[in-house]
A.B. asks: 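The following block contains the structure, expressed as structure tokens.
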2 protein chains.
Amino acid sequence: MQRDKKTFYQSATPILVAVDCIIFGFDNEALKLLLFKRKVEPFKEEWSLIGSFVEPDEGVKAAAGRVLRESTGLSDIYMEPLGYYGSVDRDPGDRVISQAHFALIRLGEEEIRMANTHRAHWFGLNAVPELILDHRQMVEDALAQLRRKARYQPVGFELLPEKFTIPQLKKLYDAIYQRTFDRRNFRKKILSMNILEKLDEKDKTSSRKGAYLYRFDQARYEEMVEKGVDFSL
Amino acid sequence: MQRDKKTFYQSATPILVAVDCIIFGFDNEALKLLLFKRKVEPFKEEWSLIGSFVEPDEGVKAAAGRVLRESTGLSDIYMEPLGYYGSVDRDPGDRVISQAHFALIRLGEEEIRMANTHRAHWFGLNAVPELILDHRQMVEDALAQLRRKARYQPVGFELLPEKFTIPQLKKLYDAIYQRTFDRRNFRKKILSMNILEKLDEKDKTSSRKGAYLYRFDQARYEEMVEKGVDFSL
DNA sequence: CCAAAAGTGTTATCGCTACACCCATGA
DNA sequence: TCATGGGTGTAGCGATAACACTTTTGG
């Protein structure tokens, strides 16, 4: 499919391009990072982010989507590009330019069990093992971006199930920013944004009284963005 | 140099990788964008961002630096990665993944004249001509990033000469955000950040009274970042 | 002496922070 | 009935926004 295009750019040299995914999850307590035992040399059997080379007839974004699908079994995961890692010597296996992406996953019991079967494991952020190449750097950059991003966009919701409680959401933000927000102020701020829809159900798994479940209101959020919202906590 | 590494990743297919630069400048009135008449087919002679292929023994960032140097003659330009543009069919000349970067330049008379000689031209943001490929999209994304970034980092200073006045700085922010900030509040906010060093000189080019010149205090800014600053206007 | 831009101060309002009490419920 | 987490209200403070007057100086 590419062949008939090769009339231009003859003098340029192609380079291997990979996508790597920093996959975060939240288990109601802490942020987790999904890592894999690498299957190929060099660094076979060491802990690594999941990645793949970009195919010639595949968009970069599509490649990242494919990697996520293949590694988690899930197909509509929130994902966004993080940046390139492009030094000449970053991979001793060859000159490879990596496009890092970060992804956010709603963690249920199944996801955790599933992952732990195939050479994959969810690590708490304070227990991340040594990683190959510049993957440690990628993880740090992804975390920084998640924090930055969560300030002005409701990305956090991607880490929660469809229905969630305010205390649950607060715990997530506590985990992301490694601090403890004030219950009352957090609630006030979040509700004042008008992007949550209160449901009639309660979740009683974590208290006798039960907490109301909410749903993220995508439509209302888009409206807000139009008008220019400030989303900082 | 690469040959002896090629023991791994045999099955992967290399792809052409380019860097493209969105170069902004400020002429004390409006934000300008530097564009070039393309020298190669396809789309020869059409307006385009400046770019180049990444060489096999060259880091991606280095490639962007080289492009900036070659196209402007300047070597320490502020530049940061914007993102990749990686769809399969974005360039009819071949499958090319582009790494977009945006750069900020201090515009003096010379820069403007210089540019206008070699097939290059500074365009006002409202007068940008039709661009090849997805370059229009890149420009829009870069502008969005500039606005986002200028909120929490003093990136605007890169667009001004070393010594500048507060009214000048305000004009720049007016241009970036396409609105008119209040003179007094702007001054108060900027000065309260403590990142400007007041000089004894005045600039009299734009008023009889003259405005004090200031210098950006990099060191003090770094301190602020440590403590976690809010930089929003 | 006047036009034109630079510089300064005050007030009202809004949003954030800190903080204490009541509520619902299962054991 | 009590322990536990969920839900609500308020007062103080700091930051922002709106706004008007004085200063300087070349012509």
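Each chain gets a letter, A, B and so on, in the order the sequences are listed, and its residues count up from 1. Quick note: numbers below take in every heavy atom, side chains included, and nothing from hydrogens, waters or symmetry partners.
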A.B. asks: Under 4.0 Å between a side-chain N/O of A:Ser207 and OP1 or OP2 of C:dC23, yes or no?
C.D. replies: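 No, A:Ser207 has no side-chain N/O under 4.0 Å of OP1/OP2 on C:dC23.
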A.B. asks: Side chain of B:Arg187 only, please: which of D:dG7, C:dA6, D:dT25 is the nearest?
C.D. replies: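 Within the option list, the nearest is C:dA6.
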A.B. asks: Return the value, rounded to whole Å, for the distance between atom CG of B:Asn28 and atom P of C:dA5.
C.D. replies: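 Going from CG in B:Asn28 over to P in C:dA5 covers 14 Å.
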A.B. asks: Between the base of C:dG7 and the side chain of B:Arg183, is there a donor-acceptor distance below 3.5 Å?
C.D. replies: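 Between C:dG7 and B:Arg183, which were checked side chain against base, a qualifying N/O pair under 3.5 Å is present.
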A.B. asks: State plainly whether the residues A:Glu80 and A:Lys149 are in salt-bridge range, i.e. N to O under 4.0 Å.
C.D. replies: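 A:Lys149 and A:Glu80: salt-bridged.
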A.B. asks: Does B:Lys37 pair with B:Glu46 as a salt bridge, N-O distance under 4.0 Å?
C.D. replies: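 So B:Lys37 does not pair with B:Glu46 through a salt bridge.
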A.B. asks: Let's test your reading of the model: under 3.5 Å, does the base of C:dA24 pair with the side chain of A:Lys209 as donor and acceptor?
C.D. replies: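 Absent.
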A.B. asks: Rounded to whole angstroms, how far apart are CG on B:Leu191 and P on C:dT8?
C.D. replies: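 After rounding, the reported distance stands at 8 Å.
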A.B. asks: Is there a donor on the side chain of B:Arg184 or the base of C:dA6 sitting less than 3.5 Å from an acceptor on the other?
C.D. replies: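 Side chain to base: no pair present.
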A.B. asks: Do A:Phe186 and A:Tyr173 have their ring centres less than 6.0 Å from each other?
C.D. replies: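 Ring centres of A:Tyr173 and A:Phe186 closer than 6.0 Å.
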A.B. asks: For a quick check, tell me whether the side chain of B:Arg208 and the base of D:dG27 share a donor-acceptor pair closer than 3.5 Å.
C.D. replies: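 Counting by modelled atom types and ignoring angles, no donor-acceptor contact under 3.5 Å is found here.
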A.B. asks: What integer distance in Å separates B:Phe186:CZ from C:dT8:P?
C.D. replies: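 These atoms are roughly 15 Å apart.
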A.B. asks: Provide, to the nearest angstrom, the distance between the CG atom belonging to A:Asn185 and the P atom belonging to D:dA11.
C.D. replies: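 After rounding, the gap between these two atoms is 15 Å.
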A.B. asks: Between A:Gln168 and A:Lys188, which has a closest nucleotide on DNA chain D that is more 5'?
C.D. replies: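 The answer here is A:Gln168.
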A.B. asks: What is the distance from OH of A:Tyr214 to P of D:dG6, rounded to the nearest Å?
C.D. replies: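 A:Tyr214 atom OH is separated from D:dG6 atom P by 12 Å.
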A.B. asks: Regarding B:Arg38 and B:Glu45, does a basic nitrogen lie under 4.0 Å from an acidic carboxylate oxygen?
C.D. replies: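 Result for this pair is no, no salt bridge flagged.
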A.B. asks: Between B:Tyr212 and A:Asp182, just flag the one whose closest nucleotide in DNA chain C comes earlier from the 5' side.
C.D. replies: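 Its nearest nucleotide lies further toward 5', so the answer is B:Tyr212.
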A.B. asks: Would you say the side chain of A:Lys202 and the base of C:dT25 hold a donor-acceptor pair, judged only by whether the two atoms sit under 3.5 Å apart?
C.D. replies: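 When only heavy-atom distances are counted, A:Lys202 does not reach the base of C:dT25 through any donor-acceptor pair under 3.5 Å.
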A.B. asks: Figure out the CD1/P separation between A:Ile166 and D:dG5, and round it to whole Å.
C.D. replies: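 About 18 Å, once rounded to whole Å.
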A.B. asks: Between the side chains of B:Asp141 and B:Gln137, is a donor N or O closer than 3.5 angstrom to an acceptor N or O?
C.D. replies: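 Present: a donor and an acceptor within the cut-off.
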A.B. asks: Within this structure, what is the CD1-to-C1' distance between A:Ile190 and D:dG7, rounded to whole angstrom?
C.D. replies: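 Distance, rounded to whole Å: 16 Å.
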A.B. asks: Just to be sure I understand the rule, does B:Ser192 reach a base, reach only the sugar-phosphate, or reach nothing, if contact means heavy atoms closer than 4.0 Å?
C.D. replies: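 Counting heavy atoms under 4.0 Å across all strands, no contact is made by B:Ser192.
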A.B. asks: Within the pair B:Lys189 and D:dT16, is there a side-chain N or O less than 4.0 Å away from OP1 or OP2?
C.D. replies: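 Answer yes for this pair, as a side-chain N or O of B:Lys189 is under 4.0 Å from OP1 or OP2.
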A.B. asks: Can you check the A:Phe181 CZ to C:dC19 P distance for me, whole Å?
C.D. replies: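 Distance check: A:Phe181 CZ to C:dC19 P gives 17 Å.
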